2 protein chains.
Amino acid sequence: MPKLDASLIAGLPPFEGLQRDELEEVLAPARSIRFAAGTAIFDQEAEAESFFVLLDGYVRVVRTTPEGQQVIVRYISEGEIFGIAAALGRTTYPATAVAAMDCVALAWPSALWPELSSRFPSLGANTYKTVGSRLQDAHTRVVEMSTEQVEQRVAHALLRLVKQTGRKTEEGIEIDFPITRQDIAEMTGATLHTVSRLLSAWEEQNIVKSRRKHVTVCNPHSLMLKAESRDKT
Amino acid sequence: MPKLDASLIAGLPPFEGLQRDELEEVLAPARSIRFAAGTAIFDQEAEAESFFVLLDGYVRVVRTTPEGQQVIVRYISEGEIFGIAAALGRTTYPATAVAAMDCVALAWPSALWPELSSRFPSLGANTYKTVGSRLQDAHTRVVEMSTEQVEQRVAHALLRLVKQTGRKTEEGIEIDFPITRQDIAEMTGATLHTVSRLLSAWEEQNIVKSRRKHVTVCNPHSLMLKAESRDKT
DNA sequence: CGGAAAACTTGCGCTCGCGCAAAGTGAGAT
DNA sequence: ATCTCACTTTGCGCGAGCGCAAGTTTTCCG
């Protein structure tokens, strides 16, 4: 195993506020792992042996119901920490994490969390801050699911993805990883049929452009209008 | 202000693992406050000046949309910590907390959190553990909202309330605080009309008994059936 | 004790979005 | 090169549950 360099993680949100030598100390027990697109990084209900920081790619976090229905809980972007069951007093993962494209991640043994977080308080603080914002995100989604129509929810979901992972192209801002209608449906509590219809309608209006597994938002402002008001403009 | 006694908080989940003298130390900067039913303990978006532990009563946590729609995020029971924006790196409260009945709570200045949690690591660990389970609860609700019909969601919500706050009576298990059809609707993303219809139908089948602002579950098993399967038995 | 507000019930019609079905299309594999 | 599978589109009908409306009951308060 090659020795990992501190510059790998310098500047990433979880490690903000750490000194160079501290970074190296944190990094020492980590190993770097590649995951091919579509492979599981960890499985729901499995023993939480590791926690991770994503160095490259995108990860989809999915919860599966006893009946086999899937719901996408969130997408993880570069630099984010995930799989932190240990930090929240759990011994198993509450969801499955799947590489949405080829990924590279650092992995630490969960057992090291108490030591690491107490030795490097900023690490703990940074982590709990992201937990806080994820809790808020989750509540925001509950509110959306409770109060909005499908069209608004899909619009909100696209806007969030574009904001989180958007990559500028000549036609607009493209979501930076392969995403299907089915995926969008699982994020919004809709069916792939309805999502497909919405995207077609929006393409008609030059608000989005989509190809197989790719979505580009051309007119974010119009999409925001769709997201806000429930009248049928 | 009367000096508070350590026995007040001994045995409460957030303070598990603390010694007697530590409890007193933790308690020193706290003050005890009463809240009349219906009054706000803190408001969404307000500066997070304090965090709280509920000693008596129940608290409703509500998020309000820009359009004025309300969604009940959760209920807080005796012994739970809440309003911990500070622990999650926030400076404002993400939701409003309202006393669902007359309540007594302890309040600490938010500014003390870093010191308290580092001086008493169990306090931090206990708190983050509850944050973890709340994050999970929120995701569970997202999954429910995505995959279940209204009837199942209402059944699940009642079962959860009964489990969390149930008080045994001769007729069954009663939810321990005043709760309206509107409240249940705001927990489940339904309308009060639909909730009313469901409760009427279930009363017909001797599954629940409800009076104004009170709900008793007589037959939890039948209610679990309603919660699980989407066929119309 | 009486009046009013708050909470609850019930009926009716309509619409959003699902369920089902079937055909079309792009992309990777051999 | 073409085959095949995964992804996508589109049509049609139906039903859950909302929106609106009107009426009833309970509790609170003067």
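Below, chains carry the letters A, B, ... as their sequence lines are ordered, and counting in each starts from 1. These numbers come from a predicted model, not from an experiment.
The backbone N or O of A:Tyr75 lies less than 3.5 Å from a partner atom in the side chain of A:Gln164, making a donor-acceptor pair. Side-chain atoms of A:Glu80 come within 3.5 Å of backbone N or O of A:Ser77 as a donor-acceptor pair. With A:Thr39 contributing its side chain and A:Phe35 its backbone, the two residues share no donor-acceptor pair below 3.5 Å. Remark: the backbone N or O of B:Gly68 is not paired with any side-chain donor or acceptor of B:Thr64 at under 3.5 angstrom. Panel note: side chain B:Thr96, backbone B:Gln44; a donor-acceptor pair is recorded below 3.5 Å. Remark: side-chain polar atoms of A:Thr165 are not paired, donor with acceptor, to backbone N or O of A:Val162 under 3.5 angstrom. Checked by atom type and distance alone, the side chain of A:Asp43 never pairs as donor or acceptor with a backbone atom of A:Ala46 at under 3.5 Å.
Rounded to 10°, the angle separating the first-five-pair axis and the last-five-pair axis of the helix from C:dC1-D:dG30 to C:dT30-D:dA1 equals 40°.
Shown here are the side chain to side chain donor-acceptor pair (under 3.5 Å) partners of A:Arg63, two or more places apart in sequence or in another chain: B:Thr140. For A:Asp137, the side-chain contact (heavy atoms from CB on, under 4.5 Å) partners at least two apart in sequence or on another chain are A:Arg74. Under the side-chain contact (heavy atoms from CB on, under 4.5 Å) criterion, B:Glu148 pairs with B:Glu144, B:Gln152, B:Arg153, B:His156, not counting sequence neighbours.
Taking atom CD of residue B:Glu204 and atom C1' of nucleotide C:dC8, one finds them 16 Å apart after rounding to whole Å. Distance B:Glu186 CD to C:dC8 P: 12 Å, rounded to the nearest Å. For the pair B:Glu203 CD and C:dT9 P, the computed distance is 8 Å after rounding to whole Å. Atoms CZ (B:Arg153) and C1' (D:dA16) sit 11 Å apart, rounded to a whole Å. Remark: P of C:dC18 and CD of A:Gln182 are 12 Å apart, rounded to the nearest angstrom. Rounded to whole angstrom, the span from the CD1 atom of A:Ile184 across to the C1' atom of D:dT8 amounts to 12 Å. C:dG17 atom C1' lies 16 Å from atom CD of A:Glu148, rounded to whole Å.
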Between the protein and nucleotides 26-30 of chain C, list the N/O to N/O atom pairs that are separated by less than 3.5 angstrom.
none

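Within the structure, salt bridge (charged side-chain N to carboxylate O under 4.0 Å, His left out) pairs that include any residue of residues 182-195 of chain A comprise A:Arg60-A:Asp183 (at least two apart or interchain). Within the structure, salt bridge (charged side-chain N to carboxylate O under 4.0 Å, His left out) pairs that include any residue of residues 46-57 of chain B do not occur (at least two apart or interchain). The ring pair (Phe, Tyr, Trp, His ring centres under 6.0 Å) analysis of residues 187-228 of chain A, with sequence neighbours excluded, yields no pairs. Among residues at least two apart or in separate chains, salt bridge (charged side-chain N to carboxylate O under 4.0 Å, His left out) pairs with a member in residues 206-215 of chain A are A:Glu174-A:Arg211.
Within residues 169-181 of chain A, the residues having any heavy atom closer than 4.0 Å to DNA chain D are, in order of number, A:Thr180, A:Arg181. Near-neighbour residues of DNA chain C inside residues 189-202 of chain B, defined by a heavy atom below 4.0 Å, number-ordered: B:His193, B:Ser196, B:Arg197, B:Ser200. For the contact set between residues 67-77 of chain A and DNA chain D, defined by any heavy atom under 4.0 Å, there are no members.
With no hydrogens or angles considered, no side-chain donor-acceptor pair links A:Lys226 and A:Gln149 at under 3.5 Å. Between the side chains of A:Thr194 and A:Thr191, a donor-acceptor pair is found at a separation under 3.5 Å.
Phosphate proximity of C:dG17 to A:Gln149: present, with a side-chain N or O under 4.0 Å from OP1 or OP2.
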